[in-house]
Number of protein chains: 2
Amino acid sequence: MERSTRQRSAIRSAIERAQRPLSPLEVLAAAQAEVPALGLATVYRNLKLLVDAQEVAPVTLPGDSPRYEAAHLKHHHHFQCTACERVYDVHQCPGNLARMAPPGFTVERHELTLYGRCATCLETA
Amino acid sequence: MERSTRQRSAIRSAIERAQRPLSPLEVLAAAQAEVPALGLATVYRNLKLLVDAQEVAPVTLPGDSPRYEAAHLKHHHHFQCTACERVYDVHQCPGNLARMAPPGFTVERHELTLYGRCATCLETA
DNA sequence: ATAGATGCAAAGAGTTTGCATAGGT
DNA sequence: ACCTATGCAAACTCTTTGCATCTAT
């Protein structure tokens, strides 16, 4: 990642602006507002570079392909709407999960995903 | 799912026998011991039917495609060892997670995965 | 001028579907 | 005999890669 290109800036700022993790296609759509000719392969290549550079963090939800968000956010979890499939950040954390592990195990980190309906989908229904 | 076929029995019993969740390819390999000509498409079709019939439950770990296990196990979570990658069941649950969702959202279910070192790997180290 | 970055299209990997046929009832 | 379930292959989706071209340095 040696050069500063219009495409890379557009991808970076699309992720920065988003209030939630974006899928590669969502990144493409958002960044094309700035660079219409942007290709999906470029999005994938830059996501990989930005993750390696720790500017962007991959969000891996159970059974779903990765989404991407800014890496500077502190510890949080995710909520996925079962209707529209969008993913939202959840800033609370149940904490103290270490004691849930079987005896003799140590817990380093955890992932929690809530599933349900988001406010938008509940209003529409 | 109206008929009882050799293929379906082989798939069902492969999952019943396994001590861990199996990927579609692992199901295929295990069931081909019984029905060598079994095709992967039949595995996918039957996994879908068995999940719908609640005989089999999909196990979705973050960043991994679904695996399948017998459905008779009750609500539980998973612990994945970061050293040996094995997955263990965790029978406790933090509960009361609904209040973590943003206002106006409803929570239907949740998935929790703990990551750390299992007792076996800690002893070896 | 050089070589990294891009866009397109083709190639892979995993999953689903169309269709003719086998086989459970 | 009927019609579900199967096997094969093609189609589909998502992601990666090859290659010619563009462009930041």
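Convention: sequence-line order gives letters A, B, ...; per-chain numbering from 1.
Protein atom CG of L38(A) is 15 Å distant from nucleotide atom C1' of dC22(D), rounded to whole Å. A straight line from CG of N46(B) to C1' of dT15(C) spans 15 Å, rounded to a whole angstrom. In this structure, L49(A) places its CG atom 14 Å from C1' of dT17(D), rounding to the nearest Å. Here the C1' atom of nucleotide dC8(D) and the CG atom of L28(B) are 14 Å apart, to the nearest Å. Rounded to whole Å, atom P of dT6(D) lies 10 Å from atom CE of M1(B). The interatomic distance linking L47(B) (CG) with dT16(C) (P) rounds to 9 Å, in whole Å. Rounding to whole angstrom units, CD of residue E2(B) and C1' of dC2(D) are separated by 12 Å. Per the geometry, NZ belonging to K48(B) stands 13 Å off P belonging to dA5(D), to the nearest Å.
Which of dC14(D), dT6(D), dA9(C) sits closest to the side chain of A41(A) comes down to dA9(C). Among the nucleotides dC2(D), dT6(C), dT15(C), the one closest to any side-chain atom of T42(A) is dT6(C). Listed candidates were dT6(C), dG7(C), dG14(C). Nearest to the side chain of Y44(B) is dG14(C). When distances run from any side-chain atom of R6(B) to the nucleotides dG24(C), dG14(C), dC8(D), the shortest one goes to dG24(C).
A salt bridge links R12(B) to E55(B): at least one charged side-chain nitrogen sits closer than 4.0 Å to a carboxylate oxygen.
Between P21(B) and I15(B) the shortest side-chain heavy-atom distance does not fall below 4.5 Å. The shortest distance between side-chain heavy atoms of F105(A) and L114(B) does not fall below 4.5 Å. Side-chain atoms of H75(A) and C93(A), non-hydrogen and from C-beta on, do get closer than 4.5 Å to each other.
Looking at which nucleotide of DNA chain D each of R45(A) and P24(A) is closest to, the 5′-most match is held by P24(A).
Contacts of L25(A) with the nucleic acid, taken as non-hydrogen atoms under 4.0 Å apart, are absent.
One cannot find a donor-acceptor pair under 3.5 Å joining the base of dG23(C) and the side-chain atoms of R8(B). Taking only distance into account, the side chain of R3(B) meets the base of dT4(D) through a donor-acceptor pair shorter than 3.5 Å.
When the side-chain nitrogen and oxygen atoms of T5(A) are compared with OP1 and OP2 of dT6(C), one or more of them lie within a distance under 4.0 Å. Regarding contacts with the backbone of dT23(D), every side-chain N or O of Q7(A) stays at 4.0 angstrom or more from both OP1 and OP2.
Using a 30° and 60° split on the angle between ring planes, Y88(A) and F79(A) fall in the perpendicular class, above 60°.
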